[in-house]
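Remember, it's a predicted structure, so these values are computed and weren't measured experimentally. First the proteins, then the strands, lettered A, B, ... as listed; each starts at 1.
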Amino acid sequence: MNKVNEYYMKNFIFLFFVFIFFFSACKDVEDQINAEDQLVAISQIDLNFDFTEVSTFSISDTISGIYIDALGKETETKTLATYQKELIIKQMEDRGFLYIPFSEMSNDSLPDLFFDLVYVENKFVQVSGYGWWYDYYDPYWFSCWEWGAYYPYYPVSYTTITSYTAKSLIMDCMFLKESSDNKYNAQSCFFGLVRGIAGNYKESEISQYINQCFDQTPELNKN
Amino acid sequence: MNYKLRVTSYKLLFLFSAFCSFSVLHCSAQTKQFYSIEYSTGTLLGASSNFVNNYSWRGGHFNGQIFLIKNLAVGFRIGFNNYYSNVAPKMYDSGNGFRLYANTYRYIRKAPFQVGVVGHILPNGIVKPYLGLYLGLCYATETVMIQDIQSRKENYGFIFTPELGLFLKFGKNSPAGIKLSAAYNLATNKFSIGGKDFKDLQSLNVNIGLTYMLH
């Protein structure tokens, strides 16, 4: 290799590393999360349950809030606002069910269906040892490659800590039926979940996804 | 086989070996090498385009060509292409009562490792068009992400790539230039994700890069 070629080869190697640096753009996992489009609505319906056979429902007066830290320990429980409850009542009434207020429930006037609402905040912490450029968790270029950390085989390595909070509203609809020994059994017949991460969601967004849980479940209908 | 014929065979073998050796030495004296780094864009074709249908601007290749004879070179090609789309919220029904309404992030990532042969029409011109045929292995991952939950598949396959391109030298005596190319990739990677089966990975890539030529 003559000197001219050697000169260009050095430049070429330099450009190669510039190229790598450019392509290994830095983005954190949090940047990928867009609060507006990250809510999800999940529903599970018992397809064998005949909702035309039941007519009344009620709903718990409060929503239990459960806060779980990164180690899985429950840290706090408190009562939350209940605009979500009003949405569910409206959805059920629109589907032909008769609402029995929680305060009017008694052993003599139990509803057929009962909604239990739980709000859960779950904090996740992820500690990652990153290796070289392609091992960086970058959603734009290289996310999910998951080639593992190559430290200490590569000289450049660092550790990052990412944390985020998953917020979930759980709607569990149970069918209450009296058993032969004069006790009541609860059978889950519909389950709805609205979940979001890393965002402070507007009431309208949460309402939209609560409604979506019902809208995508046409079987939950008395008519 | 008698003794005389056997000697003749050895002589023929020796002469053939010598011819091959001299040919290689002769070629080496005239060898030119091309090394390129490329920015690669592209789109998926076929069934996999139903999974990710956005045009991808995320890719890069490193490749080289070493001339064996005046018009023919052997080449290699390594790199990656990431195909990505953010699918607007829609409802997915599992059929057993479970339904999910969410937007999904979808990724297909391909990393080919290939060798091939490249034919040059005008190897001594400032503009050097070429046609390359590459064969190799393709590592690929296919991912669906919903919030922080992901489903990811990983697979290997064979990949065949015809590539049409050209080198543009910066000047008559410049060892550097630009490389432009278009390549069709057919990889045999099979995967199943989201309840759908995909039998191959096809893509069309347009690449632009910097090239250095060693004499």
Side-chain angles (χ1 to χ4, degrees), chain A residues 1-2 4-9 11-13 15-16 18-20 22-23 25 29 32-34 36-49 124 126 134 139-147 162 164 166 189-198 208-209 212-213 215-217 219, chain B residues 32-33 35-40 57-62 64 79-80 82 84 86-109 111 139 141-154 173-176 209-215:
Chain A
M1 189 184 297
N2 61 39
V4 174
N5 280 336
E6 196 175 344
Y7 169 77
Y8 280 110
M9 199 63 206
N11 280 348
F12 179 81
I13 292 168
L15 279 171
F16 181 65
V18 169
F19 176 84
I20 287 171
F22 175 75
F23 273 75
V29 66
Q32 185 187 19
I33 294 164
N34 183 337
E36 290 178 359
D37 64 9
Q38 283 290 332
L39 277 170
V40 301
I42 295 171
S43 64
Q44 172 84 54
I45 186 89
D46 183 350
L47 294 174
N48 297 318
F49 191 86
F124 296 94
Q126 188 176 9
Y134 54 79
Y140 193 72
W141 288 98
F142 300 108
S143 65
C144 312
W145 277 106
E146 291 182 352
W147 286 5
T162 305
Y164 60 93
C189 54
F190 169 71
F191 172 86
L193 170 69
V194 176
R195 184 178 189 264
I197 55 175
Q208 178 197 340
Y209 277 77
Q212 177 62 34
C213 286
D215 293 346
Q216 68 192 23
T217 314
E219 297 86 351
Chain B
K32 291 178 181 176
Q33 300 176 25
Y35 293 98
S36 307
I37 49 175
E38 293 176 343
Y39 175 58
S40 179
W57 299 92
R58 309 167 189 179
H61 292 145
F62 175 62
F80 68 92
N82 292 350
Y84 159 83
N86 180 4
V87 179
K90 66 181 211 179
M91 203 261 285
Y92 302 90
D93 190 346
S94 71
N96 61 1
F98 180 84
R99 284 148 200 166
L100 168 71
Y101 180 84
N103 77 308
T104 54
Y105 291 90
R106 300 175 181 185
Y107 303 86
I108 289 182
R109 298 175 176 80
Y139 169 75
T141 64
E142 299 84 18
T143 307
V144 175
M145 277 188 78
I146 297 171
Q147 291 185 337
D148 52 340
I149 302 158
Q150 65 168 279
S151 169
R152 181 172 172 270
K153 308 288 180 183
E154 179 184 70
N173 297 317
S174 172
L210 282 174
T211 297
Y212 283 90
M213 301 161 210
L214 303 178
H215 299 278

Self-check item: Engaged part of A/I42 at the chain B interface, taking heavy atoms whose separation is under 4.5 Å
Solution: both

Quiz item: Is there a donor-acceptor pair under 3.5 Å between the side chain of B/Q147 and the backbone N or O of A/A166?
Solution: no

Quiz item: Do you know which two heavy atoms are closest between B/N96 and A/Q44, and how far apart they sit?
Solution: O-NE2, 3.5 Å

Exercise. Just jot down the side-chain contact (heavy atoms from CB on, under 4.5 Å) partners of A/Q216, sequence neighbours excluded, or say none.
Key: A/S43, A/Q212, B/M91, B/R99, B/Y101

Quiz item: Can you tell me how far the CG atom of B/L100 sits from the CZ atom of A/R195, to the nearest 0.5 Å?
Solution: 11.0 Å

Self-check item: Heavy-atom pair with the smallest gap, counting every atom of B/A102 and A/V40
Solution: CB-CG1, 3.3 Å

